[in-house]
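What you are looking at is a predicted structure, and each value in this text was computed from that prediction instead of being measured. Numbering starts at 1 and runs along the sequence shown.
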Amino acid sequence: MQSSCVLRIMDRTQYDTIIVGGGTSGSVLAARLSEDAHRNVLLIERGGDHSSYDDKVLKAERVWDAAASRRFSRTRRMRFRGNFLRNNITVGHTLGGTSAINAMAAVRGQPEDYDAWSELGCEGWSWQDVLPVFKKLENDLDFQDTKLHSSKGPLPLRRWRPAEFSLAQHALYQGVQEMGVKVCDDVNDRSKLPGVGVFPGTTRSGTERVTVSLAYLTPEVRQRANLTIVTDCPVGKVEFGKGPQAKRVIGVRTQDDRLILGKEVIVSCGALGSPQLLLLSGVGPQEELARHQIPPVHDLPGVGRNMQEHVGTCLIYRGPYEEEMIGSPAKILWADDYDGNGDINFHISAAPVRSGPIIGTISAVPVYHMLPTTRGAVTLNRKNPHGFPDCDLNFLTHPQDLAALQKIVARVLEWEQTRAFKDWGAIRLFPRPTPNTLKKVKWAKQIKTISYFHAVGTCAMGSVDDSQAVLDSQCRVHGIEGLRVVDASSMPRIIRGNTYLCCTMFAERVAEFMNK
Ligand SMILES: Cc1cc2nc3c(=O)[nH]c(=O)nc-3n(C[C@H](O)[C@H](O)[C@H](O)COP(=O)(O)OP(=O)(O)OC[C@H]3O[C@@H](n4cnc5c(N)ncnc54)[C@H](O)[C@@H]3O)c2cc1C
């Protein structure tokens with residue numbers, strides 16, 4: 001394949017830092033690392049540049065079109081173990097990565113999640129360490145310059161207004177309050193949860209999407225002489241030296257076989273793409289490298305393992321009226337605890353899916369278990385190692401996860417009894433409202449799981465004594481010199497929140513380590 005990228009890369013340049021993957025994390029790294037004028041940075045992205053963005057990316061109400069678009073995303077339909085339905089696994093494929101196709105919900109996760117990382121030996125990642133970084137990245141348009149928020153960062157955050165809610169969202173917001181759940185004006189303030197509130201979205205006006213790359217890779221940043229951005233250029237592998245330098249990175253090789261030299265390589269290809277690139281480069285579990293006849297560079301059993309994702313299921317309703325779609329479908333967040341001990345272990349929201357004069361409005365009410373027990377894995381595609389990787393989320397293979405989902409669905413059934421739900425006038429289409437449908441046995445048989453699109457952990461940070469850890473606390477690959485992995489895959493444990501703000505923070509934090 002002849003890619004346009006090679007024409008723009010100076011073959012003999014040796015970059016100080018090569019970032020592979022210009023997605024959510026990679027965009028932040030490129031902007032922050034190139035602030036040091038003495039560091040020559042190359043960012044390589046497999047998808048297109050900002051110039052390829054169209055309304056699917058730029059208009060907030062078209063988020064599902066962006067996720068379904070072959071131009072901006074890659075999707076594979078897979079059947080997971082423990083699942084009775086095929087699920088889509090989708091990732092972004094453009095500058096901005098998955099931030100260009102996601103639902104824009106900007107949630108940090110709980111302070112306890114980061115303290116748990118720190119307890120696992122990830123130094124510098126406690127809540128106290130990361131809170132200033134969450135503030136640094138945001139321009140919060142609703143809570144400016146408070147203990148928790150800031151208006152000085154690059155990424156605009158705005159909470160959806162009641163006038164922008166759909167009827168299902170109004171019914172959820174009001175109905176849950178009838179059930180005694182507190183209203184929370186800031187879902188990123190732990191002291192106000194459990195509660196029902198409004199997602200912050202990465203938008204200034206509610207009508208447009210701001211991708212992480214638009215926020216960070218501004219025209220001024222792109223003019224820096226020490227930053228080169230190359231798009232439409234898939235990288236095929238990381239290259240290492242020879243003999244005594246066999247575990248020292250020397251650069252990357254593009255899929256069309258050009259070697260680009262770099263002193264340090266940062267892989268930011270996402271929770272699926274990063275383990276894939278490490279495996280293709282000979283870094284990973286030796287039995288898997290052998291299966292694909294990849295010459296081994298370093299045996300690291302944790303690469304591709306420890307995959308974590310919020311498991312969910314979805315109830316579908318039909319409301320009586322046609323409605324206009326305004327902004328992202330992710331607006332209302334009910335973040336609560338099915339056991340009553342104050343933990344945040346579930347998310348429930350309501351999202352319009354389709355509307356028309358005859359059908360009225362079809363809405364999904366997805367429920368998610370935020371503390372899943374099961375772990376999955378990403379492996380190389382058996383037919384084509386460079387193709388979309390194989391993965392198995394192992395959903396519901398642990399009985400605790402099924403029990404948790406049943407309890408969370410029971411909360412939705414309580415909501416169906418509220419005045420606000422009845423005033424909405426909707427009927428449930430799925431699961432069909434027969435008396436037995438939601439009883440334990442039947443439910444277990446017919447549950448159809450969905451993912452929250454929050455896969456993490458496949459190149460996890462952890463101490464060198466942990467055989468499954470791939471990275472140290474500054475995201476350097478154990479046993480290799482000059483290689484880091486910085487993105488959703490680096491998280492040791494999934495957070496109890498949506499993952500994209502966390503990826504942005506993650507990259508900011510590693511840039512701080514590197515710029516010290
Ligand atoms: C449909 C959908 C909706 C979502 N909604 C939300 C939401 O509302 N809120 C939220 O918090 N999270 C959401 N998420 C999840 C969130 O967006 C991701 O967790 C996060 O953006 C991942 O960031 P990342 O940096 O790890 O990877 P990405 O942003 O995916 O970046 C990886 C980049 O690497 C590039 N790449 C991959 N392989 C190569 C290669 N070999 N060579 C060169 N480049 C390569 C890719 O093209 C991509 O640009 C959603 C996800 C999806 C799919």
Side-chain angles (χ1 to χ4, degrees), residues 1-6 18 20-23 26 44-48 67-81 83 86-94 97-98 101 230-240 251-260 265 267-307 309 376-394 451 453 455 457-459 470 483 485 487-489:
M1 187 190 75
Q2 173 65 35
S3 74
S4 59
C5 66
V6 291
I18 300 176
V20 185
I44 313 182
E45 163 56 38
R46 73 180 301 154
S69 151
R70 287 218 180 147
R71 185 149 144 210
F72 305 114
S73 70
R74 300 168 77 219
T75 292
R76 190 164 159 208
R77 215 159 164 65
M78 285 181 232
R79 188 186 293 279
F80 307 130
R81 220 169 334 151
N83 186 15
R86 281 176 187 272
N87 263 222
N88 281 344
I89 294 270
T90 301
V91 293
H93 169 68
T94 176
T98 309
I101 62 157
V230 168
T231 51
D232 300 298
C233 186
V235 167
K237 63 191 287 219
V238 177
E239 287 285 351
F240 299 91
V252 299
R253 192 169 287 279
T254 61
Q255 269 187 18
D256 59 1
D257 209 22
R258 296 293 182 113
L259 175 66
I260 307 170
V265 171
V267 176
S268 293
C269 297
L272 274 70
S274 289
Q276 179 188 28
L277 194 64
L278 259 55
L279 289 163
L280 290 170
S281 311
V283 178
Q286 58 185 5
E287 64 288 354
E288 177 153 16
L289 300 175
R291 191 180 311 131
H292 292 275
Q293 290 152 8
I294 296 171
V297 172
H298 189 62
D299 178 23
L300 258 186
V303 173
R305 305 298 194 265
N306 189 44
M307 185 182 201
E309 167 64 296
V378 177
T379 46
L380 290 177
N381 186 314
R382 279 175 188 262
K383 291 186 188 145
N384 169 17
H386 289 275
F388 201 107
D390 291 337
C391 61
D392 188 348
L393 290 169
N394 259 335
S451 89
F453 298 111
T458 48
C459 298
V470 174
L483 185 61
V485 180
D487 56 25
S489 71

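Heavy atoms only, all atoms of each residue included: Glu309 and Ala455 are closest at OE2-N, 3.7 Å. Nearest heavy atoms, His93 versus Glu45: C-OE2, 4.0 Å. Among all heavy-atom pairs drawn from Val378 and Pro389, the shortest one is CG1-CB, 3.7 Å. Shortest non-hydrogen contact noted between Ser489 and Gly270 is CB-O, 4.1 Å. Minimum heavy-atom separation, Val265 to Gly251: CG2-O, 3.9 Å. Between Ala271 and Ala488 the shortest heavy-atom distance is CB-CB, 4.3 Å.
Taking a 6.0 Å sphere around CZ of Arg71, one finds it holds more than 12 heavy atoms contributed by other residues, nucleotides or ligands. Residue-environment remark: CD (Gln293) stays at or below the threshold of 12 foreign heavy atoms within 6.0 Å.
Checking each of Val230, Val20, Leu259, Ile260 against Thr254 for a side-chain contact (heavy atoms from CB on, under 4.5 Å) leaves exactly one that passes, namely Ile260.
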Evaluation steps, side chain to side chain contact (heavy atoms under 4.5 Å, CB included), between Met307 and Cys391
CA-CA 9 Å; Met307 185 182 201; Cys391 61; 4.1 Å; yes
Working for side chain to side chain contact (heavy atoms under 4.5 Å, CB included), residues Ile101 and Arg74
CA-CA 10 Å; Ile101 62 157; Arg74 300 168 77 219; over 6 Å; no
Begin with the C-alpha distance, continue with both residues' side-chain angles, and end with the deciding distance and a verdict on side chain to side chain contact (heavy atoms under 4.5 Å, CB included) for Phe453 and Thr98.
CA-CA 10 Å; Phe453 298 111; Thr98 309; over 6 Å; no
Walk me through whether Arg258 and Arg253 qualify under side chain to side chain contact (heavy atoms under 4.5 Å, CB included).
CA-CA 5 Å; Arg258 296 293 182 113; Arg253 192 169 287 279; over 6 Å; no
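Rounded to the nearest 0.5 Å, atoms OG (Ser268) and CD1 (Ile44) are 11.5 Å apart. Asp487 CG to Ser274 OG: the interatomic distance, rounded to the nearest 0.5 Å, is 3.5 Å. The structure places CD of Glu287 at 11.0 Å from NE2 of His292, a figure rounded to the nearest 0.5 Å.
Between Pro285 and Arg305, some side-chain heavy-atom pair lies under the 4.5 Å cut-off. At least one side-chain heavy atom of Ile89 sits less than 4.5 Å from a side-chain heavy atom of Leu393. For the pair Leu278/Val470, a side-chain contact is recorded, criterion being any heavy-atom separation below 4.5 Å from C-beta on. Proximity of Ile294 to Leu380: side-chain heavy atoms (C-beta onward) are separated by under 4.5 Å at one or more points. Residues Lys237 and Gln255 form no side-chain contact, since every pair of their non-hydrogen atoms from C-beta on lies 4.5 Å or further apart.
Applying the salt bridge (charged side-chain N to carboxylate O under 4.0 Å, His left out) rule to Arg76 yields the partners Asp390; only residues at least two apart in sequence or on another chain are considered. For Thr90, the side chain to side chain donor-acceptor pair (under 3.5 Å) partners two or more places apart in sequence, or in a different chain, are Thr75.
The backbone N or O of Thr458 lies less than 3.5 Å from no partner atom in the side chain of Asn306, so there is not a single donor-acceptor pair. Side-chain atoms of Gln276 come within 3.5 Å of backbone atoms of Pro385 as a donor-acceptor pair (strictly under, hydrogens ignored). At distances below 3.5 Å, at least one donor-acceptor pair connects side-chain atoms of Ser281 with backbone N or O atoms of Val238. A distance-only check finds no donor-acceptor pair linking the side chain of Thr231 to the backbone of Gly48 [under 3.5 Å]. Looking only at distances, no side-chain donor or acceptor of Asp392 sits under 3.5 Å from a matching main-chain atom of Ala377. Distance alone, capped at 3.5 Å, places no donor-acceptor pair between the Glu288 side chain and the Leu279 backbone. Judged purely by atom type and a 3.5 angstrom limit, Ser69 uses its side chain to pair as donor or acceptor with the backbone of Phe72.
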